[in-house]
Number of protein chains: 2
Amino acid sequence: MEKEKTDKKDHILDVAERVFAEVGFDGASTRLISSEAGVNMAMLNYYFGSKEGLLLAIFARRTAVFKDLVKNIGTTENISCWDKVDRYIDAYTERVFNNNCFQKMLYQELAITRKGELTDKITEMMMGSVNEFKKIIQDGVNSGEFKTDTDVELLIATLYGSKNFILNTPHISSIMLGYEVHNQENLDNKLKPRLKAYLKKLLNLYLLK
Amino acid sequence: MEKEKTDKKDHILDVAERVFAEVGFDGASTRLISSEAGVNMAMLNYYFGSKEGLLLAIFARRTAVFKDLVKNIGTTENISCWDKVDRYIDAYTERVFNNNCFQKMLYQELAITRKGELTDKITEMMMGSVNEFKKIIQDGVNSGEFKTDTDVELLIATLYGSKNFILNTPHISSIMLGYEVHNQENLDNKLKPRLKAYLKKLLNLYLLK
DNA sequence: TTCTATTAATCAAACGATTGATTAATTTTG
DNA sequence: CAAAATTAATCAATCGTTTGATTAATAGAA
């Protein structure tokens with residue numbers, strides 16, 4: 001029935017997302033993906049048209065969820081700009097830790113100079129999140145709450161990049177931190193609160209007068 | 001003659017490094033690499049044995065150079081720990097901006113869970129650089145120059161990650177910054193000094209009491 | 001209900017194209 | 001000349017995709 005079909009498609013998307021994150025888009029053969037998902041190879045084309053269609057479907061699913069999550073922290077009234085930054089860091093950290101396979105896949109695609117439709121879709125999604133944060137910082141600078149010589153763009157690079165380094169170079173960060181970052185329990189219990197606290201302190205020192 | 005042979009091999013390594021950075025290892029066919037380099041396809045195997053051998057040769061060439069660059073800022077006498085951090089940021093920024101194709105390729109490989117020899121070689125190279133910086137920070141904490149609650153590992157993630165975000169997601173960062181980050185002139189004249197100044201201020205605020 | 005049509009889902013097999021690699025022949029070099 | 005460098009042609013393997021057939025599920029007509 002209809003529900004089971006959706007479940008199966010969702011299952012394939014889950015598996016493909018993980019495999020793409022692990023070995024990259026070009027490194028992931030349709031045979032590997034289908035065998036990992038426990039489905040016949042032809043089902044990928046049957047459901048998603050092509051390998052690239054599968055990739056697009058993964059992005060479509062996540063972006064649909066993200067639109068709700070990124071929304072209007074910046075427009076909340078009656079709280080300081082720093083509190084907005086604080087909330088943004090919380091929301092952002094939660095989001096990326098709960099979708100770390102997708103995040104890893106996302107930045108692998110961003111690193112590659114490919115053609116067409118997907119790049120635009122990714123860029124649009126990223127810029128939405130970026131501009132939300134940018135607006136918060138800019139408001140804080142304009143209102144005098146934050147330092148005037150704040151480098152907003154590089155601060156964004158720090159926010160996104162610090163997390164990327166941890167999650168997207170697991171070989172290195174696991175050695176650095178002393179525990180396996182692929183382990184979701186370590187991620188949730190150890191790394192997530194640590195990263196939140198670190199980012200808040202770092203940005204607080206950099207932004208506030 | 002011997003010199004020309006080395007030149008040709010070096011030329012192939014240059015081109016392959018760029019192509020790997022642009023489309024990833026799996027996305028770069030030997031035919032594409034050889035045509036971009038203007039050599040016959042068989043020359044890749046003739047010189048480097050295999051496609052993976054070519055990748056290894058790229059790493060071997062860069063690591064040989066890096067061993068000289070990473071050396072002993074930490075053991076310099078008679079300067080403060082902060083001055084060491086200052087110098088490290090300078091040296092690090094210079095290094096990554098002058099090898100941004102290699103850097104991009106490096107982190108694409110680090111993101112992928114692959115087998116064997118290369119991963120160990122990459123990890124060793126990275127940890128050498130990481131530990132050098134870690135030692136500087138740790139000395140500063142122990143001597144009382146830096147704050148005691150410094151999160152060294154996440155600070156490393158910030159240092160490396162901020163730069164990675166700028167250089168490895170050119171689509172996004174070019175929009176953010178308002179100019180093309182692939183343009184080496186923009187990189188050297190605009191971004192490099194800006195990133196240096198930003199990182200120094202950020203780390204200064206975070207580290208110093 | 002029971003029999004028949006229709007549709008969706010699934011499969012093994014095969015397709016043409018491309019992959020990385022190798023061969024054997026040729027050219028260049030010393 | 002002999003050795004090294006370079007080439008076009010070719011190799012088996014794997015790639016993403018398509019095929020035709022089969023099963024399972026649903027709907028319609030009696």
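A note on names: the letters A, B, ... follow the listed sequences, proteins ahead of strands, and every chain is numbered from 1.
Regarding contacts with the backbone of dA4(D), every side-chain N or O of Tyr46(B) stays at 4.0 angstrom or more from both OP1 and OP2. Distances shown here put every side-chain N or O of Lys51(A) at or beyond 4.0 Å from the OP1 or OP2 atom of dC15(D). Note on Asn40(A): a side-chain N or O is less than 4.0 Å away from OP1 or OP2 of dA12(C). For the pair Ser29(B) and dT19(C), the criterion of a side-chain N or O lying under 4.0 Å from OP1 or OP2 is met.
Distance CE (Met43(A)) to P (dT19(D)): 16 Å, rounded to an integer number of Å. Between the CE atom of Met41(B) and the P atom of dG20(C) there is a distance of 9 Å, rounded to whole Å. Residue Leu55(B) contributes atom CG, which lies 13 Å from atom P of dG20(C) at whole-angstrom precision. Rounded to an integer number of Å, the gap from Arg31(B) CZ to dC11(D) C1' is 11 Å. dA8(C) atom C1' lies 12 Å from atom NZ of Lys9(A), rounded to whole Å. Taking atom NE2 of residue His11(B) and atom P of nucleotide dT6(D), one finds them 12 Å apart after rounding to whole Å. Look at CZ on Phe48(A): it is 18 Å from C1' on dT18(D), rounded to the nearest Å. Rounded to a whole Å, the CD1 atom of Ile12(A) is 11 Å from the P atom of dA9(C).
The stretch residues 27-44 of chain A participates, sequence neighbours left out, in these salt bridge (charged side-chain N to carboxylate O under 4.0 Å, His left out) pairs: Arg18(A)-Glu36(A).
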For this session: Take Lys104(B) and Glu22(B), measure what salt bridge (charged side-chain N to carboxylate O under 4.0 Å, His left out) needs, and give me the verdict at the end.
Result: CA-CA 8 Å; Lys104(B) 200 173 168 188; Glu22(B) 284 174 355; over 6 Å; no
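Residue contacts shown for Thr30(A) include a base, since a base heavy atom lies under 4.0 Å away.
Taking every side-chain heavy atom of Tyr47(B) into account, dA5(D) is the closest of dA21(C), dT10(C), dA5(D). Closest to the Ala42(A) side chain, of the nucleotides dT23(C), dT10(D), dT18(D), is dT18(D).
Using cut-offs of 30° and 60° for the angle between ring planes, the Trp82(B) and Phe146(B) rings count as perpendicular.
Between atom OG1 of residue Thr119(B) and atom CD1 of residue Ile112(B) there is a gap of 10.0 Å, rounded to the nearest 0.5 Å.
Using a 4.5 Å heavy-atom cutoff, the side chains of Tyr198(B) and Leu155(A) are in contact.
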